[in-house]
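Notes to accompany the following structure.
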Amino acid sequence: MRFSRAFIPTTKEAPSDAVLASHIFLTRAGFTSQVAAGLYNYLPLGKRVLKKIEQIVNEEMNKVGAQEVDLSFVTPADLWEESGRIEKFGKELLRFRDRKENLFVLGPTHEEMMVNLVRNRVTSYKQLPLNLYQIKTKFRDEARPRFGLMRGREFVMKDGYSFHATQEDLDREFEMMEAAYKRILVRLGLDFRVVEADSGAIGGSGSKEIMVIADSGEDTIAICDSCEYGANVETAERASRSEVPQAPESDFNKFSTPNVKSIEDLEAFFKVDAYYTMKCVAKKMHYEDGDQVVLFFLRGDDDLQEVKAVNAAEALEVEDVSEEELKALGLVPGFMGPLDMDKVPCVFDTSLKGATQMICGANEKDQHFVGVDMSVLDEALFADIYTAKEGDGCPHCEGKLLYKKGIEVGHIFKLGTTYSKPLKADFLNEKGQAEPLIMGTYGMGISRLIAATIEQHHDEKGCIWTKETAPYSVNIMVSNIKDEAQLAFGEKLYQQLQEVGVEVIIDDRKERFGFKMKDAELIGFPFTIIVGKELVNGNVQVLERATLEKRAVFAEKIFDDIMERL
RNA sequence: CGGGGCGUAGCUCAGUCUGGUUAGAGUACCUGGUUUGGGACCAGGGGGUCGAAGGUUCGAGUCCUUUCGCCCCGACCA
């Protein structure tokens, strides 16, 4: 490509509404441009990067026997009715009617479409397993798109779906896909972690997220500092505590505690460690048939993890609840306790099971119980509802948990029969009995990977593309195109590299040295060969973008030199 | 969806509080000249329904009402 003919509109200034480095640099360097909230154009450079990532994904999918398909973007609303997700997705589904007034939905993900394709075509265990995928534009009318390509409404996703006769076979496929996803991320040159994730309301028996490590990530993950364990903080576990603070000693008693409401107040008032106090967090839980306030009890030094709370209470959603609402239910904010609590359901963190010497609210204003023995509540609902904290012990080894920020670029799911059942996608097993197909689903955000790559690989000058993702591997920068020797040398090298299939661009613009260097650094070509004033001495220079090191090379050796480094 | 901010040249912004020449700067773009190793310089030039609609006024970019869009925080996010 000739830079002089290329559509690469770079700018010196950042767009005023960009916050993230990836958004700023992808815009400034002319990879993408914004159209509306969450909608972006891919310019030539952006499109090239997109295709590179797609190519890597295709190669790795083919290696594991997944077959590429392309399902229609516009999907009949009927299918979404059938699966029940037209309600669940709500406004995120962009709906519209065609000229015949039929209702359609722009595909936000394609479980329904894929099951529809496969049902009645795959009808025997002999046809299984089957793994189909596509790389396609998706549309979700997000309430709040943001951060450029990171969270668009329209975005490119690789979505794959596998079909199996048995759970064991799904487990095998799931592991294989996890390995394939890891290979993709390695090839892309990204620092990532595969972590356990919440399976939530979708059900299924497990899911993992592929997180690119970056401070700008929207997810918090807890990872072990010595083993492979990692989990989204929404679901992270910890080892039970090896050391516990000195327990207070007291007989069961009611104590007057005027205005002592918070855990800090209790610690100070009773001079005990928060470990022996009981925290009560009230939440309003949403269910299909209405709302219900639920009390969640934890040790005073723990925090409620809302996603775990939703799962424990088998609710759909969680919402905060006001003091007024609590009072209306006859509860006493600041002094709520588990004993004789008959007004609303309660969930107890497992760390409270059998706990003794606890201090908790007495459900009366300015009153607490001390010396509480939790074994009286053994029949209550216990579940893990704590938030694993940084520094907690790893559940699998002796290590400690660290918090990191991650960008979720992939999510793989063991779906089971969540979709095949409602959509009646059955196959006949060896005994001739009909069973629903057992499914896995595997998503990867292709456009988000572009943003994630730059979040992890940039400096104050601009993008730093890796070898596999760069729009062009080599940029030949002719310092002064009016210098005939420089131009001729650059053109010749350009031809040579093109002939051997190197993706090369020649900066033959009538611009000054500094201007072209700034662009080269902003765009982030891995190598820029500077053909400039040193040519008269038989030298050119190679700028390596990642390190910004400039290296002199004999002009006659430059072809071999660069080929060696690609 | 709740809270906040912002819409003026392709881009970044000043001007709005306190209404009053022909609406400005930088940058980008075009022409000519000089320059050529870190986003050059000089001269000339093109480019605006001041987001939109309505209102107040002799007069509105500026005041009022409505509305649309974009960004940020939160809620939400298979």
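From a predicted model like this one, the values you see are computed outputs, not experimental measurements. Only heavy atoms go into these numbers, but all of them, side chains included; no hydrogens, no water, no symmetry mates. Below, chain A is the first sequence line, B the second, and so on; all start at residue 1.
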* To do: Provide, to the nearest angstrom, the distance between the CD atom belonging to A/E408 and the C1' atom belonging to B/rC76.
  => 14 Å
* Asked: Looking only at atom P, what distance separates B/rC77 and B/rC30, rounded to whole Å?
  -> 50 Å
* Hey, does A/F147 reach any base, or is it just sugar-phosphate, or nothing, if we go heavy atoms under 4.0 Å? -> sugar-phosphate
* To do: Using the C1' atoms only, state how far B/rG47 lies from B/rA9, rounded to an integer number of Å.
  => 6 Å
* Is A/R193 paired with A/E209 through a side-chain N to carboxylate O contact shorter than 4.0 Å? -> no
* Paired with B/rA43 by Watson-Crick or G-U wobble geometry, both distances under 3.5 Å: which nucleotide is it? -> B/rU31
* Asked: Which nucleotide in the list B/rC11, B/rG38, B/rG39 gets nearest to the side chain of A/E13?
  -> B/rC11
* On RNA chain B, nearest-nucleotide positions of A/E319 versus A/V19: which is more 5'? -> A/V19
* Looking at the side chain of A/K550, which of B/rC73, B/rU36, B/rG38 is the nearest nucleotide? -> B/rG38
* When rounded to the nearest Å, what value does the distance between P atoms of B/rC63 and B/rG5 take? -> 15 Å
* To do: Determine, for A/Y386 and A/K308, whether the Lys NZ or Arg CZ falls below 6.0 Å from the six-membered ring centre while staying within 45 degrees of the axis.
  => yes
* Asked: Considering every strand shown, what is the Watson-Crick or G-U wobble mate of B/rC77 when both distances are under 3.5 Å?
  -> none
* Asked: Say you pick atom C1' in B/rU12 and the same atom in B/rC17; how far apart are they, in whole Å?
  -> 23 Å
* Calculate the interatomic distance between A/K482 atom NZ and B/rU35 atom P; express it in whole Å. => 9 Å
* Carboxylate-amine/guanidinium contact A/D483 A/K533, below 4.0 Å -> no
* Mate of B/rA9 where both pairing distances stay under 3.5 Å, Watson-Crick or G-U -> none
* To do: In whole angstrom, give the distance that lies between atom NZ of A/K12 and atom P of B/rG38.
  => 15 Å
* To do: Sticking with atom P, work out how far B/rU49 lies from B/rA28, rounded to a whole angstrom.
  => 22 Å
* Nearest whole angstrom, please: distance from the P of B/rC72 to the CZ of A/R151. => 12 Å
* **Gap between atoms CG and C1', on A/L548 and B/rG37 respectively (whole Å)** => 16 Å
* Asked: Hey, what's the ring geometry for A/Y442 with A/F174, parallel, tilted or perpendicular (30° and 60° as the breaks)?
  -> tilted
* Which part of the nucleic acid, if any, lies within reach of A/Q541 when heavy atoms closer than 4.0 Å are counted: base, sugar-phosphate only, or nothing? -> base
* Roughly how far apart, to the nearest Å, are B/rC64 and B/rG74 at atom P? -> 31 Å
* Take the protein atom CG of A/D483 and the nucleotide atom C1' of B/rU35, then report the distance between them rounded to whole Å. => 15 Å
* Touch class at under 4.0 angstrom, heavy-atom based, for A/A18 against every strand present -> nothing
* Asked: Distance between the C1' atoms of B/rG59 and B/rA23, in whole angstroms?
  -> 16 Å
* Asked: Does B/rG59 have a Watson-Crick or wobble partner in any strand here, with both distances under 3.5 angstrom, and which is it?
  -> none
* **N or O in side chain of A/S16 less than 4.0 angstrom from B/rC13 OP1/OP2** => yes
* Ionic contact status for A/K414 with A/D171, cut-off 4.0 Å -> yes
* Asked: So, are A/K279 and A/D303 salt-bridged, with charged N and O less than 4.0 Å apart?
  -> yes
* Salt bridge between A/E60 and A/K182, side-chain N to carboxylate O under 4.0 Å? -> no
* Among B/rG37, B/rC73, B/rC70, find the nucleotide with the atom closest to the side chain of A/R146. => B/rC73
* Structure fact -> Per atom distances to the A/A36 side chain, the nearest of B/rC77, B/rC70, B/rC72 is B/rC70
* Distance-only donor-acceptor test (3.5 Å): side chain A/E521, base B/rG38 -> yes
* Asked: Under a 3.5 Å cut-off for both distances, is B/rG38 Watson-Crick or wobble paired, and to whom?
  -> none
* Among B/rC72, B/rG39, B/rU35, the one nearest A/D519 by side-chain distance -> B/rG39
* Take the protein atom CZ of A/R28 and the nucleotide atom P of B/rU12, then report the distance between them rounded to whole Å. => 12 Å
* Per A/A37 side chain, nearest of listed nucleotides B/rG37, B/rC70, B/rC1 -> B/rC70
* Asked: A/P15 near the nucleic acid: base, sugar-phosphate alone, or nothing, with a heavy-atom cut-off under 4.0 Å?
  -> sugar-phosphate
* Contact class for A/M157 vs. all strands (heavy atom < 4.0 Å): base, sugar-phosphate, or nothing? -> base
* Asked: Does a nitrogen or oxygen in the side chain of A/R144 sit under 4.0 Å from OP1 or OP2 of B/rC73?
  -> yes
* Asked: Do A/N311 and A/D198 meet the criterion of a side-chain donor-acceptor pair at a distance under 3.5 Å?
  -> yes
* Asked: Considering heavy-atom distances to RNA chain B, does A/R153 or A/V531 have its closest nucleotide positioned more toward the 5' end?
  -> A/V531
* To the nearest angstrom, how far is A/F515 atom CZ from B/rC29 atom C1'? -> 12 Å
* Asked: Counting only side-chain N and O atoms of A/Q34, is one of them less than 4.0 Å from OP1 or OP2 of B/rC71?
  -> yes
